[in-house]
Amino acid sequence: MQRGAWRSNTGFLLAAIGSAVGLGNIWRFSYLAYKNGGGSFLIPYAIALFSVGIPIMILEFAIGHKMRSSAPRAMGRVHREWEWLGWWPVIFVGFGIALYYVVVIGWFGLYMMYSARAMFGGDLPWAGNPEVFFQQTFLNLSDAPFELGSVQPAILGATAFFWFAMWFICLRQVDKGVERACRVFMPLLVILTTTLVIWGLTLDGAREGVRQYLTPDWTKLGEVQVWRDAFGQIFFSLSIGFGIMIAYASYLPEKTNLVRNAMITACVNCAYSVFAGLAVFSALGFMAHKKGVGIDEVAAAGPGLCFVVYPEIIASLPALNGLFGFLFFLTLVLAGVTSAISIIEAFTSAVIDKFHWGRPAVVSTTCIVGFLGSSMFTTGAGLLWLDIVDHFLNNYGLIVVGLLECLLIVWYYRIEKLHFHLSDASEGGYSRAWDMTWEWCIKFVAPMVLVVILCWSVYEDFRTPYGGYPVQALLVLGMGWLMGTFLVSGIFSTFSKEPIGDGE
Ligand code: TRP
C-alpha cells in the first residue's frame, strides 16, 4: 500500500510543531511552572531540553525515517522482540493521555463559547469567582477519585464534538488532512498568542509576575518534584516517547535534513512555552496586585490554573472581555486539536502498517473508542483522574519509553549506523561536532539522567503518595493504566503478519 507523504518540508515542520505545540505549552507548562516556583522551573526545564529532549527527538526522526514505518514496525525492525516498545506508547497515549487531553480541549471549547456569548451582550458566567465557578458549577468536582458524581452533559457534548472534528481531519491522508489543518492553524496561533502576551504585559502588577517567572530560585533545585516535572514536561511537550515523531518522520522524502528539522521543532516549541508563560505570569501578577497577596498565593496550583487565572482577567477587563476571552480560548483549542490529531495519525499508521486495514475503518474505530474512554473524564471526578493518570503516564510511561529507545538503539542497532543514515539523508548539511555530541548524549547522558530521575521519582512516590490521593486510587488509575496498556501492546505485537527484517 502506498504510504502517505508530506507535500513539503515546511508542511512536515508545521505538522511536527503542530504536534509539539499544544495545550502542554500553555495549560500544562504554566501550572507546572507555577507549582514549582516559576524561575526555578526553567533551569531543570532547559537542562532536560538539551540533555534529553533534542537528542531523543533526533533519534526518533532518524528511526522513523530510516525504517520508513510507524513506531511498532520501526522498533520491530530494530529488534523483533521489541515491537511492543512501539505499540505501548501509541496505545497509552492514544487511549490514556489523549483521553483527558480531548476533555481539556472540550473545557476550553466551552469557555470559548461562554466568551462568545458575552460578546453579544450576555454575562460571563464566571464573573465574581472563577475558581468557584470552575470547580463547582462547571466541573461539579467531587472530593475523591472514586466518588464519580454524574457526567457533566455540556462537557460530554464538547468532548464528542472534538472527537468528531479529529475524525474528520484524520480520515484523509496526511498531506490533505493533518498537513492542511496545521498550515492554517499554526500561523493563526502565533498571531493570537502574541496578542495575548502583549496585552498581558500591560496589566498592573504584570512586572512583578514576570520577575517571579524569570528569577531562578536555586534552593528549589534540591526537590525531586521540580526535576521530574521538568523532564516529564519536556517529553510531553515535544511529543517524544509518544511514537508520533517516528510516524511523522516516516512520511518524509529520502533526502531531508533531519537534525535541522528536530532542532527547529524543539526550539520553536520551547520558546513558545516560555513566551506564553509571560502571559500567564503577567496575569498572576495582576491578580496578586488586585488582591494584595503574594503571587504564590493567588491561585491553586494544578490543572485548573488556566481556568482560574485567565477568566479572572478576562472578567476584569474594562472592555471587549468577550472578544479577548474568545480569542484566547480559540488559540488553545486550535493548539490542542493539532496535537491530538497527531496521536490518531500515529496509532492509525501503526495499525495500517501491521494489519493493512483501510484507513477510514481504523480512524473511525479509534475515534469511537477514544470518545468512550474520554467520557470517563467528564464526571465530577474527572479532574482528579486526569491529575493521577497524567502523573503516571508522563513521569513513568514517556520517560521509560525514551530510556528504552536509547538503550535499544545502542545495544541492538549500533548508533553509528543510524548516525550514518542521518548524514546521508541530510546530504552534508550537517556538522561533525554536533554529530559526536549527539551520539554521546544517546549513549550516556540521556540514559543516565533518565535512570536517575526514574529512581528518584519511584523513591519519592513510595515515600509520599502523589498529590495526597488515596493509595488505592493511585494504584488502580496510575499503575493500572500503565500495566493495562502494556499488556495490550504485548498482545498487539504477538500477531505477526509479515516477517520483520532488520531494516536493511
Ligand atoms: N505536545 C503536546 C502538547 O504540548 C501534547 C500532545 C501531542 C498530545 N500529541 C498529543 C497529547 C496527542 C495527547 C495526545 O500539548
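For this chain, numbers begin at 1 and follow the sequence in order. Counting starts at 1 for both ligands and their atoms, in listed order.
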ring-ring contact (aromatic ring centres under 6.0 Å, His included) between Y111 and F138, intermediate numbers included: CA-CA 10 Å; Y111 269 59; F138 186 70; 5.1 Å; yes
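- Not one N or O of A340 is nearer than 3.5 Å to an N or O of ligand 1, by distance alone.
- Taking any N or O of G24, backbone or side chain, at least one lies under 3.5 Å from an N or O belonging to ligand 1.
- Of all atoms in ligand 1, listed by their number and element, those nearer than 4.0 Å to a heavy atom of Y101 are 2 (C), 3 (C), 5 (C), 11 (C), 13 (C), 15 (O).
- Classified by interplanar angle (parallel below 30°, tilted 30° to 60°, perpendicular above 60°), the ring pair Y31/W27 is perpendicular.
- Heavy atoms of I244 found under 4.0 angstrom from ligand 1 belong exclusively to the side chain.
- The nearest pair of heavy atoms linking V21 to T338 is O-OG1, 4.1 Å.
- Only the side chain of F242 comes within 4.0 Å of ligand 1, judged by heavy-atom distances.
- By the 4.0 Å N-to-carboxylate-O rule, E460 lies too far from R228 to be salt-bridged with it.
- Note on ring orientation: taking the six-membered ring where Trp is involved, the planes of F134 and F307 are parallel (angle under 30°, cut-offs 30° and 60°).
- In this structure, atom 1 (N) of ligand 1 lies nearest to the protein heavy atom F236 O, 2.8 Å.
- Sorted by first and then second residue, the pairs that involve residues 371-396 and meet salt bridge (charged side-chain N to carboxylate O under 4.0 Å, His left out), not counting sequence neighbours, are R28-D390.
- Per-residue contacts place S342 under 4.0 angstrom from the following atoms of ligand 1 (heavy atoms of the residue considered): 9 (N).
- In A20, the part holding a heavy atom less than 4.0 Å from any atom of ligand 1 is the backbone.
- Ranking the protein heavy atoms by distance from atom 10 (C) of ligand 1 puts S339 O, 3.4 Å first.
- In terms of polar-atom proximity, A98 is not counted as a contact of ligand 1, lacking any N or O under 3.5 Å from an N or O of the ligand.
- Numbered from 1 in the order shown, with element, the atoms of ligand 1 that lie under 4.0 Å from a heavy atom of S239 read 1 (N), 7 (C), 9 (N).
- Under the ring pair (Phe, Tyr, Trp, His ring centres under 6.0 Å) test applied with F29, the options F236, F281, Y45 reduce to a single match, Y45.
- Within ligand 1, counting atoms from 1 as listed, the ones closer than 4.0 Å to a heavy atom of I343 are 12 (C), 14 (C).
- Listed by chain and residue number, V190, I198, F275 satisfy the side-chain contact (heavy atoms from CB on, under 4.5 Å) test with T194 (two or more places apart in sequence, or in another chain).
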Steps toward ring-ring contact (aromatic ring centres under 6.0 Å, His included) verdict (F392, Y466): CA-CA 9 Å; F392 282 88; Y466 173 73; 7.0 Å; no
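- Each of the following atoms of ligand 1 lies closer than 4.0 Å to a heavy atom of I97: 11 (C), 13 (C).
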